[in-house]
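Everything below concerns the one structure shown next.
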Protein chains: 2
Amino acid sequence: MARTPPHPDTFDLQQVLEALVDPVRRSIVTQLDASGQDIKCGAFDIPVSKSTATHHFNVLREAGLIRQYYVGTSRMNTLRRADLDDAFPGLLDALITRPAGH
Amino acid sequence: MARTPPHPDTFDLQQVLEALVDPVRRSIVTQLDASGQDIKCGAFDIPVSKSTATHHFNVLREAGLIRQYYVGTSRMNTLRRADLDDAFPGLLDALITRPAGH
DNA sequence: CCAGAAGTACGACGAGTGTCAAACTTTGAT
DNA sequence: ATCAAAGTTTGACACTCGTCGTACTTCTGG
């Protein structure tokens, strides 16, 4: 079931940072931001197994960075940009608006 | 020895984030920013032993967040605000400009 | 109804990291 | 000289976290 998994309505800086400190998770956020669209779990370009991917998406969702909902067997992911920008102004911009450099 | 310990002249986002994800280290940075002055290691309000404190200061220095120099037996710490703002615009502001919040 | 696709749940394992105590070093003051 | 103050170094330890494989659940299409 779990038509829609639980999403936090409040944000914790510590939790958000712990979510964003992992390169794979930061990559997920970056890809979401770059595409400007919702992306299903399996469509991300990340170098980990499916079970590990599930773990990363859970961490991101629980920290409030993404919103998830089902479409058939696929789980779609939305970047909660507005919510994040409201809670921590400038944070996402500072972390994902880096062109190629890294 | 080590009149002046080694400081990086280049910055790595991953390393900076790993430094800032720890609450104790973020507290150190916040205290430095709030005071606007250089502070010696022993004068910070942090809930860890001296050896642990040394570890945290090393991590911050190696990531390029602070600059350290000796004054007698004391080690002074300077926040590298300008350098950081130049490398990652908005990052420090997003992380330490939180008033009381928590 | 069945097969396959898309994720999830569950252990398990290894590496990293924050923590401390104890011993040591160096500098400043008496 | 001596002593105390301020950090550093060196293990050691516990705990967390990222990772994977395997088994399981659901939903879709034929």
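Here is the naming used below: chain letters follow the sequence lines, and residue numbers restart at 1 for every chain.
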- [ ] Provide, to the nearest angstrom, the distance between the CD atom belonging to A:Gln68 and the C1' atom belonging to C:dA6.
- [x] 13 Å
- [ ] Taking only the side-chain heavy atoms of B:Ser51 (C-beta and beyond), determine which of C:dG7, C:dA22, D:dG7 contains the nearest atom.
- [x] C:dA22
Task: Any side-chain heavy-atom pair of A:Cys41 and A:Asn77 under 4.5 Å - done: yes
Open item on the list: I want to check something: taking the side chain as every heavy atom from C-beta on, are B:Glu62 and B:Pro6 in contact at a cut-off of under 4.5 Å?
Closed with: no
Open item on the list: Is a donor from one side chain sitting under 3.5 angstrom from an acceptor on the other, for A:Gln31 and A:Ser27?
Closed with: yes
TODO: Starting at atom NE2 of B:His55, determine the distance to atom C1' of C:dG18, rounded to an integer number of angstrom.
DONE: 6 Å
TODO: Any chance you could lay out the side-chain contact (heavy atoms from CB on, under 4.5 Å) test for A:Val71 and A:Lys40, step after step, and finish with the verdict?
DONE: CA-CA 9 Å; A:Val71 173; A:Lys40 52 182 258 189; over 6 Å; no
Open item on the list: Counting only side-chain heavy atoms from C-beta out, which of C:dG7, D:dC20, D:dT19 sits nearest to A:Val24?
Closed with: D:dT19
- [ ] Check if the side chain of B:Thr73 and the base of D:dG7 share a donor-acceptor pair of N or O atoms closer than 3.5 Å.
- [x] no
Open item on the list: What is the separation between atom CG on A:Asp22 and atom P on D:dT16, rounded to the nearest whole Å?
Closed with: 18 Å
Task: Length of the NZ-C1' vector between B:Lys50 and C:dA22, whole Å - done: 12 Å
TODO: Give the nucleotide from the list C:dG7, D:dG7, D:dC27 with an atom nearest to the side chain of B:Cys41.
DONE: D:dG7
- [ ] For D:dC20, take OP1 and OP2 only and decide whether either is under 4.0 Å from a side-chain N or O of A:Thr52.
- [x] yes
Task: Nearest-Å distance for atom pair CE/P, residues A:Met76 and C:dG7 - done: 9 Å
- [ ] Could you tell me the separation between the CD1 atom of B:Ile28 and the C1' atom of C:dG18, rounded to a whole number of Å?
- [x] 13 Å
Task: Pairwise side-chain contact, B:Arg81 with B:Asp93, heavy-atom cut-off 4.5 Å (strictly under) - done: yes
- [ ] From the options D:dG18, C:dC20, D:dA6, select the nucleotide whose nearest atom is closest to the side chain of B:Ser74.
- [x] D:dA6
Task: Protein-nucleotide distance (B:Leu20, atom CG; C:dT17, atom C1'), rounded to Å - done: 16 Å
TODO: Nearest whole angstrom, please: distance from the P of D:dG7 to the NE2 of B:His56.
DONE: 15 Å
Open item on the list: Both A:Arg25 and A:Val71 contact DNA chain D. Which one's nearest nucleotide lies toward the 5' end?
Closed with: A:Arg25
Task: Proximal nucleotide (of D:dG18, D:dG7, C:dT19) relative to the B:Val48 side chain - done: C:dT19
Open item on the list: On DNA chain D, does the nearest nucleotide to A:Glu18 precede the nearest nucleotide to A:Gly72 from the 5' side, or the other way round? Give the residue.
Closed with: A:Glu18
